[in-house]
Amino acid sequence: MPELAEVEVTRRQLLPLLGLTVACAEKLSDKNLRLPLGKGDLGRLSGARLDAIDRRGKYLIWHFLGADGVPLEMVVHLGMSGKTLLDAADASPHDHLRWHWSQGATLTYRDVRRFGFVAVGDVGLGTEMTATMGPEPWDETWAAQVAAKAKKGSRSVKALLMDQSVAAGLGNIYVCEALFATGIHPETPAYKLKNKQIEALHEAVQGVLERAIAAGGSSIQDFKAAHGSPGYFQLELKVYGRAGEGCPACGEEIRAIKQQGRTTFFCARCQR
DNA sequence: TTTTTCACCTGCGCGC
DNA sequence: TGCGCGCAGGTGAAAA
Ligand SMILES: [Zn+2]
């Protein structure tokens with residue numbers, strides 16, 4: 001579910017945990033997440049103080065000072081249906097992990113489809129896990145880096161932007177929205193893009209993500225951020241999920257096609 | 001090598 | 001009402 005915007009909203013809602021210490025962390029389910037948690041991984045967090053939560057693409061990187069004085073990191077990826085709940089108001093069979101913090105706060109990791117994961121390791125784990133990731137949306141060299149990758153190969157601009165090693169954090173929703181905003185047909189071979197179009201894509205990506213973050217993310221089905229507050233950006237989506245509706249710019253019927261197994265929504269009149 | 005397809009997993013909505 | 005099918009924010013291994 002979560003793309004960069006939802007992960008960033010989640011990160012900001014977790015910041016009140018900074019400075020707190022983990023009393024204990026426990027598994028609530030027998031089922032493994034995408035990456036199985038190693039034996040003793042959760043135990044390493046006992047007594048650890050949380051000093052920072054960073055985001056890289058769709059990954060959250062938590063920096064702790066361990067009880068033994070050795071720094072450690074926890075990496076969280078929400079997959080398609082992962083959520084973090086502060087002081088969860090209810091319980092679910094899909095609650096997999098829970099952290100109990102000093103001062104009584106609890107954090108729950110809930111993930112119906114279990115495509116997400118939580119990993120614990122030494123300093124550098126987060127950097128390792130995101131080593132091949134492309135530039136962040138607010139990197140001023142984004143367009144240059146994307147243009148360099150666009151020129152190689154034959155893939156469509158949709159496939160290009162969905163590739164995390166090309167541009168960090170984009171997913172199906174915001175790629176569809178950015179392509180609509182720039183009037184670029186999603187099946188356009190990436191090598192045909194003019195530099196000016198890639199610069200326009202950069203602007204569009206930044207704009208759509210900034211507005212989505214300000215709105216609390218997009219709740220397509222049941223996305224709730226850390227406090228359980230829904231995101232309202234789905235109300236502002238121009239094409240994603242709107243097949244059959246009229247294009248907000250020209251009225252043409254919005255179409256849905258399949259690319260790389262994912263549905264792409266676009267306006268065939270506005271996007272060429 | 002690059003690109004596409006498939007598998008991972010659960011729940012929901014739709015058509016019959 | 002019930003069942004089968006297709007679909008969903010992502011990723012990476014396997015296949016092409
Ligand atoms: Zn249009």
Side-chain angles (χ1 to χ4, degrees), chain A residues 1-11 29-36 55-60 75-84 92-96 109-119 128-134 137 148-179 186-191 205 208-209 211-213 215-226 230-237 239-244 255-265:
Chain A
M1 159 308 269
E3 301 180 34
L4 186 152
E6 290 72 34
V7 176
E8 179 60 21
V9 168
T10 298
R11 188 187 74 84
S29 159
D30 295 333
K31 296 182 172 176
N32 280 331
L33 298 173
R34 179 155 63 83
L35 299 181
R55 181 195 54 71
R56 179 79 173 94
K58 302 170 192 175
Y59 291 69
L60 287 174
V75 178
V76 176
H77 193 292
L78 301 175
M80 288 279 259
S81 53
K83 303 159 183 46
T84 54
S92 155
H94 305 294
D95 291 346
H96 300 291
Y109 181 74
R110 180 176 299 177
D111 191 344
V112 171
R113 296 174 70 185
R114 287 184 275 129
F115 290 165
F117 67 83
V118 173
E128 283 170 34
M129 297 187 90
T130 58
T132 62
M133 192 158 288
K149 303 250 185 172
K151 290 187 175 99
K152 305 193 339 181
S154 59
R155 60 225 282 231
S156 66
V157 61
K158 170 86 185 308
L160 179 83
L161 295 177
M162 292 285 285
D163 183 341
Q164 301 301 294
S165 71
V166 172
L170 302 180
N172 207 26
I173 296 178
Y174 300 117
V175 168
C176 289
E177 293 297 309
L179 289 171
E187 292 177 313
T188 306
Y191 66 80
V205 161
V208 71
L209 289 176
R211 285 183 288 118
I213 290 166
S218 297
S219 302
I220 294 306
Q221 283 174 26
D222 59 350
F223 173 69
K224 289 184 180 171
Y232 291 101
F233 194 67
Q234 77 276 14
L235 300 173
E236 297 180 45
L237 297 176
V239 291
Y240 183 86
R242 299 195 184 282
R255 291 170 48 188
I257 59 173
K258 282 284 183 198
Q259 291 181 283
Q260 288 74 46
R262 315 294 299 278
T263 305
T264 300
F265 300 89

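Naming convention: chains lettered A, B, ... in sequence-line order (proteins, then strands); numbering from 1 in each chain. Keep in mind that this is a model prediction, so the values were computed, not measured.
- Taking every heavy atom of both residues into account, Arg155(A) and Val166(A) meet most closely at NH1-CG2, 3.9 Å.
- Side-chain N/O atoms of Lys31(A) include none lying less than 4.0 angstrom from OP1 or OP2 on dC9(B).
- The residue Lys258(A) sits close only to the backbone: its heavy atoms come under 4.0 Å of sugar-phosphate atoms, none of a base.
- Using atom P as the reference point in both dC7(C) and dT5(B), the two lie 14 Å apart (nearest Å).
- Rounded to an integer number of Å, the gap from Met129(A) CE to dT11(C) C1' is 11 Å.
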Contact state string [nucleotides 2-8 of chain B, B base, S sugar-phosphate only, - no protein heavy atom under 4.0 Å]: -SS---B
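- A distance of 5.0 Å separates CD in Glu8(A) from CD1 in Ile213(A), rounded to the nearest 0.5 Å.
- Between His94(A) and dG11(B) there is a side-chain N or O to OP1 or OP2 distance below 4.0 Å.
- Remark: Ser92(A) OG to Arg110(A) CZ distance equals 4.5 Å, nearest 0.5 Å.
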Verdict with reasoning, Gln259(A) to Thr264(A), per side chain to side chain donor-acceptor pair (under 3.5 Å): CA-CA 7 Å; Gln259(A) 291 181 283; Thr264(A) 300; 2.7 Å; yes
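- Formation of a donor-acceptor pair under 3.5 Å by the Gln164(A) side chain with backbone atoms of Gly134(A) is not found in this model.
- Using cut-offs of 30° and 60° on the angle between ring planes, the pair His96(A) and Tyr109(A) is tilted.
- Rounded to a whole Å, the CG atom of Asn32(A) is 12 Å from the P atom of dT10(B).
- Rounding to the nearest 0.5 Å places CG of Asp163(A) at 10.0 Å from CE of Met133(A).
- Atom CG of Leu170(A) and atom P of dT11(C) are 10 Å apart (whole Å).
- If you take CG of Leu78(A) and P of dA8(C), they are 20 Å apart, rounded to a whole angstrom.
- How far CD of Glu177(A) is from CZ of Phe265(A): 10.0 Å, rounded to the nearest 0.5 Å.
- dC9(B) and dA13(C) have their P atoms separated by 16 Å, given to the nearest Å.
- Counting only Watson-Crick or G-U wobble pairs whose defining distances are both under 3.5 Å, the stems of 3 or more consecutive pairs in DNA chain B are B:2-8 with C:10-16, B:10-16 with C:2-8.
- One can place NE2 of His77(A) at 11 Å from C1' of dG12(C), the figure rounded to the nearest angstrom.
- For the pair Ile173(A) CD1 and dC7(C) C1', the computed distance is 14 Å after rounding to whole Å.
- The environment of CZ in Arg242(A) is crowded: more than 12 heavy-atom neighbours from other residues, nucleotides or ligands sit within 6.0 Å.
- Minimum interatomic distance between Cys176(A) and Val239(A) (heavy atoms only, all atoms of both residues): O-CG2, 3.8 Å.
- Between dA8(C), dT10(B), dT11(C), one nucleotide has an atom nearer to the side chain of Lys58(A) than all others, and that is dT11(C).
- Under 4.0 angstrom from either OP1 or OP2 of dA8(C) there lies at least one side-chain N or O belonging to Thr263(A).
- A donor-acceptor contact under 3.5 angstrom links the side chains of Tyr174(A) and Glu6(A), judged on distance only.
- Atom CZ of Arg242(A) and atom P of dC7(C) are 20 Å apart (whole Å).
- In summary, the side chains of Thr263(A) and Lys258(A) do present a donor paired with an acceptor at a separation below 3.5 Å, with no hydrogens or angles considered.
- Rounding to whole angstrom units, CE of residue Met80(A) and C1' of dC9(B) are separated by 10 Å.
- The shortest distance between the side-chain N/O atoms of Gln164(A) and the OP1/OP2 oxygens of dT11(C) is below 4.0 Å.
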Show each protein N/O and nucleotides 14-16 of chain B N/O combination with a separation under 3.5 Å, one pair to a line.
none

